[in-house]
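Written below as structure tokens is the structure these notes are about.
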Amino acid sequence: PSALREIEVEVPTVRWTDIGGLEEVKQQLREAVEWPLKYPDSFRRLGIDPPKGILLYGPPGTGKTLLAKAVATESEANFVSIKGPEVFSKWVGESERAVRELFRKARQVAPSIIFIDEIDALAPMRGLVSTDSGVTERVVSQLLTEIDGLERLEGVVVIAATNRPDIIDPALLRPGRFDRLIYVPPPDEKARLEILKVHTRNMPLAEDVDLLEIAKKTEGYTGADIEVLVREAGLLALRENINIDKVYARHFEEALKKVKPSLTQDIIK
Ligand code: ATP
């Protein structure tokens with residue numbers, strides 16, 4: 001299979017309003033990505049260099065992919081993405097070509113956002129018995145070449161995501177590369193309430209459902225966990241009565257027992 005065919009351009013539909021909480025992160029992405037893509041001339045006029053690369057880091061399931069897609073939608077940009085581990089598994093023997101292809105595609109469809117999820121998979125496997133015969137190094141080096149070759153304000157911005165910023169190759173974090181680091185935190189109570197509102201938008205809730213109460217009870221739950229929780233409550237309601245027309249507090253109570261938080265105390269604090 002050729003890398004050429006497998007890298008697809010996506011027109012995402014995620015909006016800022018589909019993301020609960022994370023207001024500061026959204027604002028940072030607006031200024032660092034949306035404005036330069038939409039108003040490059042204003043940045044040139046004032047001599048401001050926007051970032052070429054942005055690294056979103058934080059625990060799994062907190063909305064990093066969602067944020068990258070939303071900033072693409074809101075910037076009216078195309079979205080070209082790849083997952084770190086895929087670079088090695090899907091394009092065996094042509095991993096570097098996949099990286100080249102990714103950037104070529106992105107330029108072709110600019111304004112565009114390149115999203116590299118799980119970029120830590122491209123971390124050098126120091127100290128490990130290396131089974132990869134230098135392919136990781138060659139891929140990182142190709143990635144550096146491509147990022148260095150991007151002109152600021154040419155309409156391509158690279159966003160990467162990781163839960164392991166500590167193992168990222170430091171060469172990727174130098175100025176002119178991923179030089180903007182943005183932490184995507186686990187949701188606090190207020191953010192959990194917002195996420196609950198997003199995911200129950202199309203769900204008829206009985207009067208006894210108190211979302212604030214659920215937000216209080218879901219410390220340690222990520223956005224992804226909350227999505228699962230809401231779906232579970234809905235399914236429990238249907239299981240009780242397939243003709244039921246609302247989801248009740250008891251279904252959420254039951255769902256809370258089944259769906260457990262994925263974050264531990266040390267990550268939250
Ligand atoms: P990973 O590190 O596992 O890739 P991630 O941080 O990229 O995780 P997403 O893939 O963006 O997380 O989130 C997974 C799902 O969880 C989303 O599709 C969404 O339904 C839900 N979700 C996560 N965070 C939020 C949020 N802040 N608001 C609404 N939904 C969220």
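When a ligand or atom number is given, it counts from 1 through the structure's own listing order.
Between Arg100 and Glu146, no side-chain nitrogen of the basic residue sits less than 4.0 Å from a carboxylate oxygen of the acidic one, so the salt-bridge criterion is not met. Between Glu151 and Arg107 there is no salt bridge, since no side-chain N of the basic residue sits under 4.0 Å from a carboxylate O of the acidic one. With respect to the salt-bridge test (charged N to carboxylate O, under 4.0 angstrom), the residues Lys69 and Glu10 qualify. Taking 4.0 Å as the cut-off between side-chain N and carboxylate O, Lys83 and Glu86 do not count as a salt-bridged pair.
Looking from atom 20 (O) of ligand 1 to the surrounding protein, the closest heavy atom is Glu227 OE1, 2.8 Å. Among protein heavy atoms, atom 5 (P) of ligand 1 sits closest to Lys64 N, 3.5 Å. In this structure, the protein non-hydrogen atom closest to atom 31 (C) of ligand 1 is Leu66 CD2, 3.4 Å. Among protein heavy atoms, atom 22 (N) of ligand 1 sits closest to Gly223 C, 3.5 Å. Summary of contacts: the protein heavy atom closest to atom 7 (O) of ligand 1 is Thr65 OG1, 2.7 Å. At the shortest separation from atom 30 (N) of ligand 1 among protein heavy atoms lies His199 NE2, 2.9 Å.
Near Asn163, with a cut-off below 4.0 Å to any heavy atom, the atoms of ligand 1 are 2 (O). Interface atoms of ligand 1 facing Asp117, defined by a heavy-atom separation under 4.0 Å, are 4 (O).
Of the candidates Ala224, Gly63, Gly20, it is Gly20 that places a heavy atom closest to atom 27 (N) of ligand 1.
Partners of Lys26 according to the salt bridge (charged side-chain N to carboxylate O under 4.0 Å, His left out) rule, which considers only residues two or more places apart in sequence or in another chain, are Glu23.
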Quiz: residues 226-236 side-chain donor-acceptor pairs under 3.5 angstrom, not counting sequence neighbours:
{"residue": "Glu232", "atom": "OE2", "partner": "Lys258", "partner atom": "NZ", "Å": "3.2"}

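Remark: distances from the non-hydrogen atoms of Asp18 to ligand 1 include one below 4.0 Å. Within the 4.0 Å heavy-atom shell around ligand 1 one finds Gly61.
Between the side chains of Gln28 and Glu24, no donor N or O sits under 3.5 Å from an acceptor N or O.
For CZ of Arg180, the number of neighbouring non-hydrogen atoms (other residues, nucleotides, ligands) closer than 6.0 Å is 12 at most.
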